Amino acid sequence: MKKGILVLAMLLLFSHAMAQEDAFMAQYEKEHGAVHTWSLETQAEFSSMDYGSGFSVLPMENEITQDAALEKATAALKTQFKLTNEQLAAYTPYFSFYQTHLRTWQVMFYQKDLEKEGKLEGYQVSLRADTGELVRAYQVPQTDYVFAPTSQQEGIDGDSPYGRMRLYEKYKATREMTKRYGDDPILWPFEAYVELSEAFPEEYNCHMPKEGEITLEKAKEIATGIMLEHGVSKEAVEKGIFQCFLREINGKRQWEIQLHTKTKEGGYNTKTVMLDALTGELPQGEPAIGNG
């Protein structure tokens, strides 16, 4: 009985919080239009507020332009999904710009006929902001790589009460990390991602090492040696920012060591080394160093 009352109280609190968010969002949409149509400036402004994610920012002068992003995203869809110019004419492009561990352009292509009915379906393309290199392209809804729905994951995009609650929990958690550690997620410590992963394992996938696995410090030491052996400069290692994650990938636990170095344009160049969590060795068949 007490447990049921506690759950009900939590639901009421979340419902109240979501109602406040809905009212705030409704006012913003009244002023600026539907969320997906917002300008980059409006997205960045909203992102910096209490109900925002903190990840929407503005591109810098030396990063690729919106027009260049559209050109590269269109080319990616033609290559990845074999779409023709005639087929692409049925979609309207929209833009976002994110700063997480990478600065990226997000180009969304929504089908015009469905958009009129309030349905956002089509494609999304993610591009590195510094080089325009393709990060990934996928269909929206994201059925090609998002976890298959279960009773607990159903509506993870916010279409169900559970999904809306999860979204609310997630943005509050990331905002809390921003308050603790600053606006740049690259500067957040390992423990922050472990904490986020405990609540959102499908998004963050970062774990504490188990007994018998190499430590974070050892993984970083091994990865640093590999980077130096493969052409990364000593200056980059000394001045760069290391991020370490212990991932579970296809049933195997691996350290992912990232080295971020600042570019002249203000973004980051990232080198990544993956290591077996037990042995500290490079996974078989994978390159010693990856980009991004």
Side-chain angles (χ1 to χ4, degrees), residues 54-55 57-65 68-69 72 76 97-106 125-136 177-178 180-194 196-197 204-209 213-249 252-292:
F55 295 153
V57 296
L58 294 175
M60 294 183 289
E61 285 186 9
N62 291 318
E63 291 174 321
I64 66 169
T65 64
K72 290 178 180 295
F97 193 97
Y98 294 157
Q99 177 174 302
T100 53
H101 73 289
L102 286 176
R103 288 173 63 86
T104 57
W105 277 101
Q106 305 294 324
V125 179
S126 177
L127 304 165
R128 285 186 64 125
D130 53 354
T131 64
E133 178 186 353
L134 177 68
V135 177
R136 60 180 176 269
M177 293 301 168
T178 299
R180 286 191 215 169
Y181 305 116
D183 292 332
D184 191 347
I186 283 179
L187 301 178
W188 295 358
F190 172 72
E191 291 76 14
Y193 287 96
V194 172
L196 287 170
S197 186
Y204 291 98
N205 188 17
C206 183
H207 311 274
M208 293 294 292
E213 294 179 332
I214 62 174
T215 64
L216 181 153
E217 291 76 15
K218 186 63 178 177
K220 181 179 172 183
E221 178 187 331
I222 295 171
T224 299
I226 292 171
M227 289 181 185
L228 291 171
E229 287 174 10
H230 287 80
V232 177
S233 70
K234 186 176 180 181
E235 181 183 12
V237 167
E238 290 175 348
K239 293 185 177 180
I241 302 167
F242 278 94
Q243 270 192 307
C244 305
F245 308 93
L246 181 52
R247 311 288 198 192
E248 288 189 1
I249 303 171
K252 296 180 179 179
R253 289 168 63 88
Q254 298 178 355
W255 279 104
E256 178 180 331
I257 311 300
Q258 297 180 352
L259 173 63
H260 308 288
T261 52
K262 280 274 191 181
T263 65
K264 292 179 180 178
E265 294 78 19
Y268 289 103
N269 179 39
T270 302
K271 300 293 184 183
T272 301
V273 172
M274 304 296 294
L275 299 170
D276 185 286
L278 281 172
T279 65
E281 297 175 351
L282 292 167
Q284 230 176 9
E286 292 198 17
I289 300 180
N291 293 312

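Worth knowing before you read on, the calculation uses all heavy atoms, side chains too, and leaves out hydrogens, waters and symmetry mates. Bear in mind the structure is a predicted one, so any value in this text is a computation, not a measurement. Residue numbers run from 1 in the order of the sequence given.
The shortest non-hydrogen separation linking A76 to L134 is CB-CD1, 4.0 Å. Annotation for C244 and I257: closest pair SG-CD1, 3.7 Å, computed over non-hydrogen atoms. Summarising the geometry of P283 relative to Q254, their closest heavy-atom pair is CG-NE2, 3.8 Å, with the distance given to 0.1 Å. Considering all non-hydrogen atoms of both residues, L259 and A236 come closest at CD1-O, 3.9 Å.
For the pair I289 and V232, the minimum side-chain heavy-atom distance is below 4.5 Å. In this structure the side chain of E281 never reaches within 4.5 angstrom of the side chain of I222, judged on heavy atoms. Using a 4.5 Å heavy-atom cutoff, the side chains of E256 and L246 are not in contact.
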Quiz prompt | side-chain contact (heavy atoms from CB on, under 4.5 Å) evaluation trace for L127 with T104 | solution = CA-CA 5 Å; L127 304 165; T104 57; over 6 Å; no
- Item | Derivation and outcome, side-chain contact (heavy atoms from CB on, under 4.5 Å), residues V273 and H230 | CA-CA 11 Å; V273 172; H230 287 80; over 6 Å; no
Practice problem: Please step through side-chain contact (heavy atoms from CB on, under 4.5 Å) for the pair L282 and I226, ending with a clear verdict. | Solution: CA-CA 10 Å; L282 292 167; I226 292 171; 3.8 Å; yes
Let me see the working for Y268 and K262 under side-chain contact (heavy atoms from CB on, under 4.5 Å), right down to the final yes or no.
CA-CA 5 Å; Y268 289 103; K262 280 274 191 181; 3.6 Å; yes
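The aromatic rings of F245 and Y193 sit perpendicular to each other, their planes meeting at more than 60°, with 30° as the lower class boundary.
Put simply, CH2 on W188 and OH on Y181 are 10.0 Å apart, with the number rounded to the nearest 0.5 Å. With values rounded to the nearest 0.5 angstrom, L275 atom CG is found 14.0 Å from R253 atom CZ. For the atom pair OG of S197 and CD of E191, the computed distance is 13.0 Å after rounding to the nearest 0.5 Å. The distance from atom CZ of R247 to atom NE2 of H207, rounded to the nearest 0.5 Å, is 8.5 Å. Within the model, atoms OG1 of T131 and NZ of K72 stand 7.5 Å from one another, a figure rounded to the nearest 0.5 Å. F190 contributes atom CZ, which lies 4.5 Å from atom SG of C206 (distance to the nearest 0.5 angstrom).
Side-chain N/O atoms of Q258 and T270 include no donor and acceptor closer than 3.5 Å.
Judged purely by atom type and a 3.5 angstrom limit, E238 has no side-chain atom pairing as donor or acceptor with the backbone of E235. Side chain of Q99 to backbone of L58: no donor-acceptor contact under 3.5 angstrom is found. In terms of modelled atom types and a separation under 3.5 Å, the side chain of N269 and the main chain of H260 share no donor-acceptor contact.
Between F242 and W255, a ring centre-to-centre spacing not shorter than 6.0 Å is recorded.
Looking at residues two or more places apart in sequence or on another chain, you find a salt bridge (charged side-chain N to carboxylate O under 4.0 Å, His left out) between D130 and R128.
The pair K220-E217 does not meet the salt-bridge criterion, since no charged nitrogen lies less than 4.0 angstrom from a carboxylate oxygen.
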